[in-house]
There are 2 protein chains.
Amino acid sequence: MAKRNTSELKPIEDVLTVWDVLTPDERQFVKNHFTTHYFKKNEIIHCEGELPTHMMVLAAGKVKVYKEGVGSRTQIIRMLKPGEHFGYRAIIASQTYNTNVAAFEPSTVYMLKADIFLSILRNNNAFCYRFLEEIAADLGASDARTVNLTQKHIRGRLAEALLLLRKNYGLEEDGATINIYLSREDLANLSNMTTSNAIRTLSNFVNEHIIAMDGRKLKIIDEERLIKISKMG
Amino acid sequence: MAKRNTSELKPIEDVLTVWDVLTPDERQFVKNHFTTHYFKKNEIIHCEGELPTHMMVLAAGKVKVYKEGVGSRTQIIRMLKPGEHFGYRAIIASQTYNTNVAAFEPSTVYMLKADIFLSILRNNNAFCYRFLEEIAADLGASDARTVNLTQKHIRGRLAEALLLLRKNYGLEEDGATINIYLSREDLANLSNMTTSNAIRTLSNFVNEHIIAMDGRKLKIIDEERLIKISKMG
DNA sequence: CTAAATTTGTGCTTTAAAACATTGTTGTCA
DNA sequence: TGACAACAATGTTTTAAAGCACAAATTTAG
């Protein structure tokens, strides 16, 4: 019997959200040339400084995009869910990767060689425009995040991170637990704070009945207050 | 005699860096439809939350792109020089503006209605790709800036801002003075710190013979040290 | 040309968050 | 199963930067 992973994996035409704007020829071309790659938990998919070789689509799993800053302190820039593209910014800007990407949990990535990706971008205007839309939204989010991370206080930043996680990965069947399990360290790297402070602030939120914790399981109890905390800084 | 401003103003075909990929028809169309707008020092060009109506190109002058954060503390996101586009991100992402733009000094802006801009984007692949390239570079810069602003200490952030200003606006004829005059407040908003701290840190740099100051005139004396300070945080 | 307002410059105080230290908890694998 | 490693929790100390207050200088306005 096939691996559970493989049998559950959606085919590229279901994962690639820009599939609909491809011509029949392009579809065939992509189908013939894309490759599938599996990554273990915490495995690195690509590193800052490397030359970009592929446009990538997350087919299954969860990955983090992060930068190593001063004293190799890491800052998580964004987190991806299946169907989201990555690795293409550097190709388009003719730069090396300026972020690292690593798997939060076992993940599958579909990859398309840079030259193939570029040739479609250059020939299919609707395809090009879709990526323009995507990156325009990302830039807006990035600028917003800059201000949030620099101006809000610890509680505000952590509250924001929790809301972001819920928005991005949703809830489990119980309708309350955030559908991703992060280490305290990752949570800290997402919220621009030290691990100790993430732990401390999380405990405070529990004491104030804003969230509930069970190990890495996080439940949002009082969403209104969390939103208020995130807004006030 | 015509205004000095007007007589020195470059025509749109010289300012618009994407002019070369336009077809003759498109060039004529743009020429017939673009409008010219003058802004006084500190005048606001567009505001956060407004619906975007035009793609804009800075024809002359200097402008700041900034966000109002917690307690209306402002953060300068980037600064533009002639030939740079703005206001188009929101159009493409179908969002309201997420930044404010205001003139640092008297500035001239060429504007092209959103629907015209979109119709060219959708019909001219090379044009679309140019904007994709531009925004891809901007996103890389934005993510880098996030980490710099969150992780570096005050001296590092100010050093970085000074280097950024020099890189962006260059030097005056004396080969040393940075070719833009900012208030201490703007400098603080660029470096994510309070005005007092910008002033204080600037004074320290003068005492250490890293820069020289004469009012708002800033000269970089010891570039190496400035780079080192900016890197170390 | 003075008066008011803004900008700049400094010292002092307070505070939020980092850094450090220690202990408990859970998980992993020889 | 016991030992080691990674992770989580919490208290204490230190420090970078904000906040505040005020004076001096410069710009703007009446």
Side-chain angles (χ1 to χ4, degrees), chain A residues 40-42 69-75 102 104-105 147-162 180-208 211-218 229-230 232-233, chain B residues 40-43 69-75 104-106 147-161 180-208 211-218 229-230 232-233:
Chain A
K40 288 177 244 173
K41 187 176 169 166
N42 293 323
V70 181
S72 76
R73 194 174 132 195
T74 86
Q75 173 66 54
F104 267 131
E105 43 184 69
V147 175
N148 285 331
L149 289 179
T150 55
Q151 298 194 353
K152 285 179 185 171
H153 285 178
I154 275 202
R155 287 168 61 90
R157 299 202 302 271
L158 186 65
E160 206 209 349
L162 294 173
I180 186 174
Y181 296 173
L182 295 184
S183 67
R184 302 294 191 256
E185 193 184 353
D186 276 328
L187 214 46
N189 291 342
L190 189 61
S191 320
N192 182 36
M193 62 183 69
T194 55
T195 306
S196 322
N197 274 328
I199 292 167
R200 224 187 299 272
T201 310
L202 228 36
S203 300
N204 291 340
F205 284 175
V206 171
N207 291 335
E208 298 166 40
I211 63 168
M213 281 198 305
D214 176 15
R216 292 187 176 189
K217 233 182 218 188
L218 300 173
I229 291 170
S230 127
M232 293 194 319
Chain B
K40 287 177 245 174
K41 187 176 169 169
N42 292 323
E43 202 178 349
V70 182
S72 77
R73 194 174 134 195
T74 86
Q75 174 67 54
F104 268 130
E105 44 184 67
V147 175
N148 285 331
L149 289 179
T150 55
Q151 298 194 352
K152 284 179 184 170
H153 285 179
I154 276 202
R155 286 167 61 89
R157 299 202 302 270
L158 186 65
E160 205 209 351
I180 186 174
Y181 296 174
L182 294 184
S183 67
R184 303 293 192 258
E185 194 185 352
D186 276 329
L187 214 46
N189 291 341
L190 189 61
S191 319
N192 183 35
M193 62 184 68
T194 55
T195 306
S196 324
N197 275 329
I199 292 167
R200 224 187 301 271
T201 310
L202 228 36
S203 299
N204 292 340
F205 283 175
V206 171
N207 291 335
E208 298 166 40
I211 63 169
M213 281 198 305
D214 174 16
R216 293 186 176 188
K217 232 181 221 188
L218 299 173
I229 291 170
S230 126
M232 291 195 318

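Per chain, numbering begins at 1; letters A, B, ... match sequence-line order.
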### Query
Considering only heavy atoms from C-beta outward, does the side chain of B:N192 approach that of B:R73 to under 4.5 Å?
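The answer is yes, as the side chains (C-beta and beyond) meet within the 4.5 Å cut-off.
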Quick one: [X] [atom1] to [N] [atom2], roughly how many Å, whole number?
X      : N      : atom1 : atom2 : answer
B:H153 : D:dA18 : NE2   : C1'   : 14 Å
B:L218 : C:dT8  : CG    : C1'   : 13 Å
B:M213 : C:dT7  : CE    : P     : 17 Å
A:I154 : D:dA18 : CD1   : P     : 15 Å
A:L158 : C:dA17 : CG    : P     : 12 Å
B:L182 : C:dT6  : CG    : P     : 20 Å
B:R216 : D:dA25 : CZ    : P     : 17 Å
A:N204 : D:dG11 : CG    : C1'   : 13 Å

Base, sugar-phosphate alone, or nothing: which one does [X] contact when heavy atoms must sit under 4.0 Å apart?
X      : result
B:I199 : base
B:R155 : nothing
A:S196 : base

Nearest-nucleotide pick for [X], side chain only, options being [options]:
X      : options                : result
A:T194 : C:dT8, C:dA18, D:dA18  : C:dA18
B:S183 : C:dA18, C:dT8, D:dA18  : C:dT8
A:R200 : D:dA18, D:dG11, C:dA17 : D:dG11

### Nearest heavy atoms of B:V70 and A:Q151, plus distance in Å
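Looks like N-OE1, 2.8 Å.
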### Query
For D:dA9, does OP1 or OP2 lie under 4.0 Å from any side-chain N or O of A:S203?
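The answer is no; no side-chain N or O of A:S203 sits under 4.0 Å from OP1 or OP2.
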### A:R157 side chain vs A:S191 backbone, donor-acceptor pair below 3.5 Å
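Yes, A:R157 side chain to A:S191 backbone: donor-acceptor pair under 3.5 Å.
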### Query
Checking side-chain contact (heavy atoms from CB on, under 4.5 Å) for the pair A:M193/A:R200: CA distance, chi angles, key distance, verdict?
CA-CA 11 Å; A:M193 62 183 69; A:R200 224 187 299 272; over 6 Å; no
### Message
For B:K41 and B:N197, find the nucleotide of DNA chain D closest to each by heavy atoms; which residue's nucleotide sits nearer the 5' end?
### Response
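Whichever sits nearer the 5' end wins; that is B:N197.
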### Task
Can you spot which of B:V206, B:N204, B:L158 makes a side chain to side chain contact (heavy atoms under 4.5 Å, CB included) with B:I211?
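Going through B:V206, B:N204, B:L158 one by one, the side chain to side chain contact (heavy atoms under 4.5 Å, CB included) with B:I211 is satisfied by B:V206 alone.
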